[in-house]
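Beneath this line is the structure, given in C-alpha cells, with notes to follow.
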Amino acid sequence: MSSPFPYFAAGTVVKGFGRGGKDLGMPTANMDREAVTVLPEALHTGVYYGFGCVDHGSIHEMVMSIGTNPFYNNKERSMEVHLLHEFEDDFYGSELRIAIVGFVRDMSDFPSLDALKAAIANDVIVAKERLADPATASFREH
C-alpha cells in the first residue's frame with residue numbers, strides 16, 4: 001500500500017463545539033463537512049501533523065485530529081486543526097489549506113481530561129520534532 005502523504009486539503013473553517021480552546025488550551029479550526037467527506041480511507045482515525053495556512057497567509061506548523069474524538073463521544077467524523085501559532089482573532093468562515101505530511105498516533109479514549117491534555121501536549125512535541133526533519137520541511141511551501 002502506498003503512503004497517503006502528503007495529503008492536501010482545503011475547506012472553510014466552521015464552528016465546532018468550542019472545547020479546543022476552553023477545555024484543552026489548544027484552539028482548533030474545524031474544517032467543513034465537505035473537506036471531511038472527501039478524505040481518503042488511508043487517512044484513518046488518528047492524530048496527524050503537517051502545515052497549514054489561513055486565507056493564503058503565512059504557513060504554520062500544525063497538528064490535527066481526524067475522527068470522532070471518543071473522549072467527548074462525538075458521533076460525526078471531523079477534522080480539527082491546531083495551527084502552532086497564536087492568532088489574535090477567530091477566523092470562522094476563512095479558507096484553511098493544509099498539507100498532512102505524517103501520522104502521530106491512533107485516536108483513543110482517555111480516563112480523564114488531564115490525560116487527554118497530556119497526550120495532546122505530547123502530540124505537539126512529536127509533530128514539532130518530525131516537522132523539523134528536512135525531508136518533511138520541504139512540504140512547507142507546497
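In this chain, residues are counted from 1 in sequence order.
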*Ala115: what forms a side chain to side chain contact (heavy atoms under 4.5 Å, CB included) with it, not counting sequence neighbours?*
Phe110, Pro111, Ser112
*Would you check, one step at a time, whether the test side-chain contact (heavy atoms from CB on, under 4.5 Å) holds for Leu43 with Phe5?*
CA-CA 9 Å; Leu43 290 176; Phe5 307 118; 3.7 Å; yes
*asked:* Donor-acceptor pair, distance only, cut-off 3.5 Å: does the side chain of His82 make one with the backbone of Met64?
replied: no
_Non-hydrogen side-chain atoms of His44 and Asp106 separated by less than 4.5 Å_ = yes
*How far does OH of Tyr48 sit from CZ of Arg130, to the nearest 0.5 angstrom?*
12.0 Å
*Do Lys15 and Asn30 come close enough that some side-chain heavy atom pair is under 4.5 Å?*
no
*asked:* When you compare the side chain of Arg105 with that of Asn122, does any pair of heavy atoms fall below 4.5 Å?
replied: no
*Checking Asp32 side chain against Glu34 main chain: does a donor-acceptor pair fall under 3.5 Å?*
yes
*asked:* What's the separation between atom CD1 in Ile120 and atom OG1 in Thr28, rounded to the nearest 0.5 Å?
replied: 9.0 Å
*Quick one: closest heavy-atom pair of Pro6 and Val101, and the distance?*
CB-CG1, 4.1 Å
*What are the two closest non-hydrogen atoms of Ala29 and Val13, and how far apart are they?*
CB-CG1, 4.0 Å
_If the condition is side chain to side chain contact (heavy atoms under 4.5 Å, CB included), which residues does Val54 pass it with, not counting sequence neighbours?_
Leu83, Phe87, Phe91, Ser94, Leu96
Got a list of side-chain donor-acceptor pairs under 3.5 Å for residues 56-63, not counting sequence neighbours?
| residue | atom | partner | partner atom | Å |
| --- | --- | --- | --- | --- |
| His56 | NE2 | Glu95 | OE1 | 3.0 |

*After noting the C-alpha distance and the side-chain angles of Val126 and Tyr49, does the key distance pass the side-chain contact (heavy atoms from CB on, under 4.5 Å) rule?*
CA-CA 9 Å; Val126 169; Tyr49 61 92; 5.7 Å; no
*Tell me whether Leu113 is reachable from Val47 by hopping between hydrophobic residues (I, L, V, M, F, W, Y) whose side-chain heavy atoms are closer than 4.5 Å.*
yes
*Considering all heavy atoms, the nearest Val36-Arg77 contact*: CG1-O, 3.6 Å
*Measure across Phe51 and Thr136 and return the closest heavy-atom pair with its distance rounded to 0.1 Å.*
CE1-O, 3.6 Å
*Do you know which two heavy atoms are closest between Met79 and Ala35, and how far apart they sit?*
SD-O, 3.6 Å
_Closest non-hydrogen atom pair between Met31 and Ala10, with its separation_ = CE-C, 3.6 Å
*Within a strict 4.5 Å, meaning less than it, do heavy atoms of the Lys128 and Leu131 side chains meet?*
no
*Euclidean distance, His85 NE2 relative to Cys53 SG, rounded to 0.5 Å*: 12.0 Å
_With rounding to the nearest 0.5 angstrom, report the CD1 to OH distance, Ile66 to Tyr7._
8.5 Å
